[in-house]
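Dropping the structure in here first, questions after.
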2 protein chains.
Amino acid sequence: MPPAPVARGKILRAFAELLTDSGERAATLDAVAARAGVSKGGLLYHFPSKDALAEGLAAHLRELTEADVAVMRAAPAGPVDYLLRTSTATDGDFEVVYLAVSRLAQGAYPHARAALDDAHDAWVEAVAEEVGDPTVARAVVLLSDGLYARTALGAGGPRVTDDDIDALVDLVGVLAAARRG
Amino acid sequence: MPPAPVARGKILRAFAELLTDSGERAATLDAVAARAGVSKGGLLYHFPSKDALAEGLAAHLRELTEADVAVMRAAPAGPVDYLLRTSTATDGDFEVVYLAVSRLAQGAYPHARAALDDAHDAWVEAVAEEVGDPTVARAVVLLSDGLYARTALGAGGPRVTDDDIDALVDLVGVLAAARRG
DNA sequence: GTCTATACCCAGATAGAC
DNA sequence: GTCTATCTGGGTATAGAC
């Protein structure tokens with residue numbers, strides 16, 4: 001796919017931010033256009049319908065996932081550390097889009113669910129290579145899902161700190177060792 | 001609070017089901033009224049606005065949480081087993097309402113976030129008494145959150161089975177033992 | 001306590017100018 | 001490729017009958 005106009009990217013970013021910050025209900029075409037700095041007409045030139053916009057975001061997640069999993073596999077501290085640590089990030093292109101698509105997946109957007117499942121599978125695979133046990137790998141990815149869920153609720157309750165993540169990574173180490181031994 | 005009319009309960013139930021099954025967008029007053037078997041006017045008699053309806057559901061979650069945590073503490077196989085096993089249930093009053101309030105918490109409903117945080121805290125406390133380690137307790141509740149998140153996505157990908165839960169409960173046992181030892 | 005009818009507004013989408 | 005103007009449907013809320 002050639003060039004891909006700048007406006008397209010700004011629109012997807014704005015849509016993703018609104019979804020994660022304020023929920024499905026707040027992510028209207030008007031609001032997305034305003035945040036992206038274009039008119040509603042301009043938005044509808046790039047994405048002819050709201051469904052098209054949602055599919056565009058799901059497709060964008062697939063691209064980002066491919067890149068992110070590659071980084072994860074090459075991470076110095078290993079996939080587990082990388083996955084758990086990024087599961088509490090609120091900035092970062094990947095995290096914003098992942099959370100946004102999670103919101104869409106709760107509504108009437110099957111594409112979103114499929115893109116999410118694929119990311120999930122890729123994570124389980126990469127983590128399993130590190131910990132050497134499929135059950136532990138699934139548990140790690142479930143932890144990641146839990147962290148994402150908490151993070152997404154935002155500034156309300158007690159935030160998850162870096163120290164908490166350190167402790168979780170330790171726990172996974174203990175677990176993998178116990179399983180191997 | 002005296003009697004609490006039957007219609008009120010049916011309305012809250014219908015609202016919760018629509019939220020969990022189809023998302024925030026689909027849970028309109030029209031749809032809720034239709035599913036509850038009342039008219040829109042009838043609904044608005046019990047809950048004078050949509051905000052009031054959302055607050056009603058959050059309050060309902062608080063009631064259910066109190067009862068559920070009591071059951072959890074008394075569960076024969078222990079809180080961990082109980083929590084993880086119920087985190088994949090899609091029927092059950094508590095689970096439906098919990099997931100529904102999770103949806104609301106993503107939007108503009110601060111009450112929902114608060115009710116969720118309280119449930120979370122109660123779980124961590126109950127689990128900590130069993131496993132004897134606050135970090136492991138937090139990890140278990142994060143696993144529960146992850147399971148809820150997966151469950152909520154519905155029939156799409158590979159479902160979490162009872163055997164998977166057995167394996168997770170085992171894992172937690174290994175972890176708690178390793179920590180104590 | 002529950003209904004019908006209606007007012008009002010906003011979200012999604014179209015048409016066509018520039 | 002981006003804009004303004006406009007139409008249409010549906011979602012929230014009110015008024016008032018029963």
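Numbers restart at 1 for each chain; the letters A, B, ... are given by sequence-line order, proteins then strands.
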Legend entry - Contact summary for A:Leu84 and A:Val140, nearest pair of heavy atoms: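 Here A:Leu84 and A:Val140 meet closest at CD2-O, 4.0 Å.
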Inset, instruction - Have a look at the helix from C:dG1-D:dC18 to C:dC18-D:dG1 and give the angle its two end axes make, five pairs each, rounded to 10 degrees. - result: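 Result, rounded to 10 degrees: 10°.
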Inset, instruction - Using heavy atoms to find the nearest nucleotide of DNA chain D for A:Leu43 and B:Gly41 separately, return the residue whose nucleotide is more 5′. - result: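 Nearest-nucleotide comparison on DNA chain D picks A:Leu43.
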Legend entry - OP1 or OP2 of D:dT2 under 4.0 Å from side-chain N/O of A:Tyr45: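 Negative; the distance criterion is not met.
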Legend entry - Geometric class of the A:Trp123/A:His120 ring pair [parallel <30°, tilted 30-60°, perpendicular >60°]: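 Plane angle between 30° and 60°, so tilted.
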Inset, instruction - Please determine if B:Asp30 and B:Arg35 form a salt bridge, counting it only when a charged side-chain N lies under 4.0 Å from a carboxylate O. - result: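 Looking at B:Arg35 together with B:Asp30, the answer is no, because their closest N to O distance does not fall below 4.0 Å.
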Legend entry - Protein-nucleotide distance (B:Leu44, atom CG; C:dA7, atom P), rounded to Å: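 From B:Leu44 CG to C:dA7 P: 17 Å.
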Legend entry - A:Thr161 and A:Asp164: side chain donor to acceptor below 3.5 Å: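 Checked: A:Thr161/A:Asp164 side chains pair up, N/O donor to acceptor below 3.5 Å.
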Inset, instruction - Map B:His46 and A:Asp51 onto DNA chain C by nearest heavy atom, then report which one ends up closer to the 5' terminus. - result: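 Counting from the 5' end, the first nearest nucleotide belongs to B:His46.
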Between protein and nucleic acid, restricted to nucleotides 9-11 of chain D and to nitrogen or oxygen atoms under 3.5 Å apart, what atom pairs and distances do you find?
residue: D:dG11; atom: O3'; partner: A:Arg25; partner atom: NH2; Å: 3.3

Legend entry - Pair listing, ring-ring contact (aromatic ring centres under 6.0 Å, His included) test, anchored in residues 49-78 of chain A, at least two apart: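 Non-adjacent pairs meeting ring-ring contact (aromatic ring centres under 6.0 Å, His included): zero.
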Inset, instruction - Please determine if A:Asp170 and B:Arg179 form a salt bridge, counting it only when a charged side-chain N lies under 4.0 Å from a carboxylate O. - result: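 A salt bridge is absent here (no side-chain N lies under 4.0 Å from a carboxylate O).
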Inset, instruction - In plain terms, say whether A:Asp21 and A:Arg103 are close enough for a salt bridge, that is, a side-chain N and a carboxylate O under 4.0 Å apart. - result: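 Salt bridge absent between A:Asp21 and A:Arg103.
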Inset, instruction - Could you walk me through whether A:Arg138 and A:Asp133 pass the salt bridge (charged side-chain N to carboxylate O under 4.0 Å, His left out) test, one step at a time? - result: CA-CA 9 Å; A:Arg138 298 194 62 195; A:Asp133 180 318; over 6 Å; no
